[in-house]
There are 2 protein chains.
Amino acid sequence: MGTDSKPTINDVARVANVSKKTVSRVINKSPLLSDKTREKVEAVIKEIGFVPNMQARALALRRNFIIAAIHDNPNAQFLVNVQQGILEGIADTEFGLMVQPVDRNSPTIEADIRAFLERQRPYGVVLLPPISERDSLAELCREFDCRYVRMGSVQLDDAEHVVSSNDREAVRDAVTYLIDKGHTRIALIEGPEGFTSPRERRAGFEEAMERAGLELDESLIRPGSYTFESGVTAAEDLMAKGMNATAIFACNDEMAIGAMIACRRHGLRIPEDVSIVGFDDTPLSSHIWPSLTTVHWPIKQMALSAARKIIDPPGSPSQQDWLLPSTLIERGSVVPPT
Amino acid sequence: MGTDSKPTINDVARVANVSKKTVSRVINKSPLLSDKTREKVEAVIKEIGFVPNMQARALALRRNFIIAAIHDNPNAQFLVNVQQGILEGIADTEFGLMVQPVDRNSPTIEADIRAFLERQRPYGVVLLPPISERDSLAELCREFDCRYVRMGSVQLDDAEHVVSSNDREAVRDAVTYLIDKGHTRIALIEGPEGFTSPRERRAGFEEAMERAGLELDESLIRPGSYTFESGVTAAEDLMAKGMNATAIFACNDEMAIGAMIACRRHGLRIPEDVSIVGFDDTPLSSHIWPSLTTVHWPIKQMALSAARKIIDPPGSPSQQDWLLPSTLIERGSVVPPT
DNA sequence: GTCATTTTTGACACCGGTTACCCAATTAAT
DNA sequence: ATTAATTGGGTAACCGGTGTCAAAAATGAC
């Protein structure tokens, strides 16, 4: 090995005694190519250790071999789960993962994303909730004809561009589980207004109550913002009003844990006095004591599925399944009411 | 606006009536150019909305305008903090952020990273701890002459390639703080063996004790692995042996919180019976009750600084400062012993 | 064996920038 | 006035792939 800079497609072509276009066909697995030539070229590629230059391909194809995750979501665990999912989806491919946060409230958000797409020209983007709900971003992706998948809690678009979980059904199951345990007065701590996922989760709550023939008690419903503090506040507010609920369903784990801590601070034992169910299945939910009964939210699988939708050719089976199940995880924070 | 595809450098050159090379000089801020020409070209660029094509530049320059964060660290909060820091560092530049996890234990780790660098040709990489301690990765970066910065807890390399925090000093301060409060029997929950940061933190603990003239009591030192569970285990083990410590210093917040929960489960009140100090200043540490007195670890600033080192030209002032201070955050988990 | 048809392959321009090198016009020095 | 040094800017090749389209080769029908 001398002063060899990386071999190029030209080197392969010369050694294999074919045109560079033929080599190009080989590395792109083009079907219109005789097996004999293909094998010959592949042998040379292996022999001289040729690796196609992504930058050149990117220039010619006008797109990078990169998938971008665009988010405005500050939750670390969520973000990392999504990243892991995408990375799993692109493992053993030549794709890489880029991360691009945006500011939901910025007036220049469209321009910012436009600049990003124009500069990096990702092969595809995964839009994370809640920003995924904005149609303008999907529109932007189409404009740059960049593939995209929106992660969300309901179908926002056609199956090819969406992956979501059945939150409503999962919450219905979870609340029904509480009801089956004997709870009838169940408090609800909601998520932030204006987004799909909290809306769906609330809908699931209502459906469960209705199916069980239980009346919705508005005095047991409190707003929340998916933060630990809002869970504390909501629970404290409930208790200040003389809460007579025997169970609390919080629309995410952080709030559930906040509620748990608040209850305990007020002398209520968990789960003996109050049962609690959360949503998300964050690592923390199994660390605390008692461990939190919660709904597992399949973010990682959703992200994986999103990545596959982007890299698989249109029409692949991966383009079809867009709904992943959220499932109840029974742990230690629920017992029948005493 | 008709069927205008994106304007290229050629369009600018034609409209401005100069050569494309001159336009190239303008966008690269070359000094050998008259102000008159520069202004003329800049006006045209603005007028027709020209944005240089990154893929073309990447091909010509043999490197992408991307900074990659390479990590083998599973902690979500840490990862996201680093990402935020880097993103802040590259804000208002044309750079993007890529994420590349690696498996510390994989025998092919070098080959994997080599493949990554070869494919994506990032402009620079930020090596996150603990994988940043491996010299072979830095070597790999040099081989691909890709800029790199290693994040760590001590100086591993020259200032240009390192950014770290003074963990040892910070722990010394924190433990001295406990001592000043009147604690003399202080337990230590260590981090995993074989890495720099736990070693430094332990060293800080020892220095503080020594300076205060207190003898190191090995029976109050427990191993840990930076996980919540290991904190629980360590504290339980201490209590099982009839712990007589009035304070615990845990080498990270997760273990500190684990210890806190374990203590409470054994009927010890925090902070009345046992004071606890952690390290990291994770969001959780201010959410729990009592809030955790801890050492703020400036990860985000370290990451920001790393990003600047990579994009700033060699010799910039940003290449010089490589040490960021970790500082004690006083909250509610420490009181004088009773 | 000839001709039409299909399959393989190659020549060449192009993607949109950069670098190396050269020439012309000024300015400074002799 | 002549030469040398400096500055401003252009030409053409190149980075390493891909698309188009036509030529060459293989196949099949008669």
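Keep in mind that what you see is a predicted model, and the values were worked out from it rather than measured. Letters A, B, ... mirror the listed sequences (proteins, then strands); counts begin at 1.
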When you list every nucleotide of DNA chain D with an atom under 4.0 Å from a heavy atom of chain B, which one comes first 5' to 3', and which comes last? D:dG8 to D:dG16
Neighbours of DNA chain D within residues 17-29 of chain B, by heavy-atom distance under 4.0 Å: B:V18, B:S19, B:K21, B:T22, B:R25
Using a strict cut-off of less than 4.0 Å between a Lys/Arg side-chain nitrogen and an Asp/Glu carboxylate oxygen, indicate whether B:R134 and B:E139 qualify as a salt bridge. no
Residues which pass side chain to side chain contact (heavy atoms under 4.5 Å, CB included) with A:A56, listed by chain and number, not counting sequence neighbours: A:N53, B:L59
Residue from B:D11, B:N10, B:N17 passing side-chain hydrogen bond (donor to acceptor under 3.5 Å, both in side chains) with B:R14: B:D11
Under the 3.5 angstrom rule, does the side chain of A:S106 hit a backbone N or O of A:D103 as a donor-acceptor pair? no
Report the residues that fulfil side chain to side chain contact (heavy atoms under 4.5 Å, CB included) with A:P314, sequence neighbours left out, ordered by chain and then residue number. A:R147, A:E160
A:Y123 and A:F95 aromatic ring geometry - parallel, tilted or perpendicular at 30°/60° bounds: perpendicular
Tell me which of A:I9 and B:R38 sits closer to the 5' end of DNA chain D, going by the nucleotide each one is nearest to. B:R38
Which of residues 40-61 of chain B have a heavy atom under 4.0 Å from DNA chain D? B:L59, B:A60
Overall bend of the helix from C:dG1-D:dC30 to C:dT30-D:dA1 (five pairs an end, 10° steps) is 40°
Salt-bridge criterion met for A:E94 and A:R57 (N-O under 4.0 Å): yes
Distance check needed: C:dT9 C1' versus A:D35 CG, whole Å only. 15 Å
Out of A:V12, A:L33, A:V44, which one pairs with A:V26 under the side-chain contact (heavy atoms from CB on, under 4.5 Å) rule? A:L33
Would you sort out whether B:R150 and B:D135 count as a salt bridge (Lys or Arg N to Asp or Glu O under 4.0 Å), showing the intermediate values? CA-CA 10 Å; B:R150 306 162 81 169; B:D135 290 326; 2.8 Å; yes
A:R14 CZ - C:dG10 C1' separation (whole Å): 17 Å
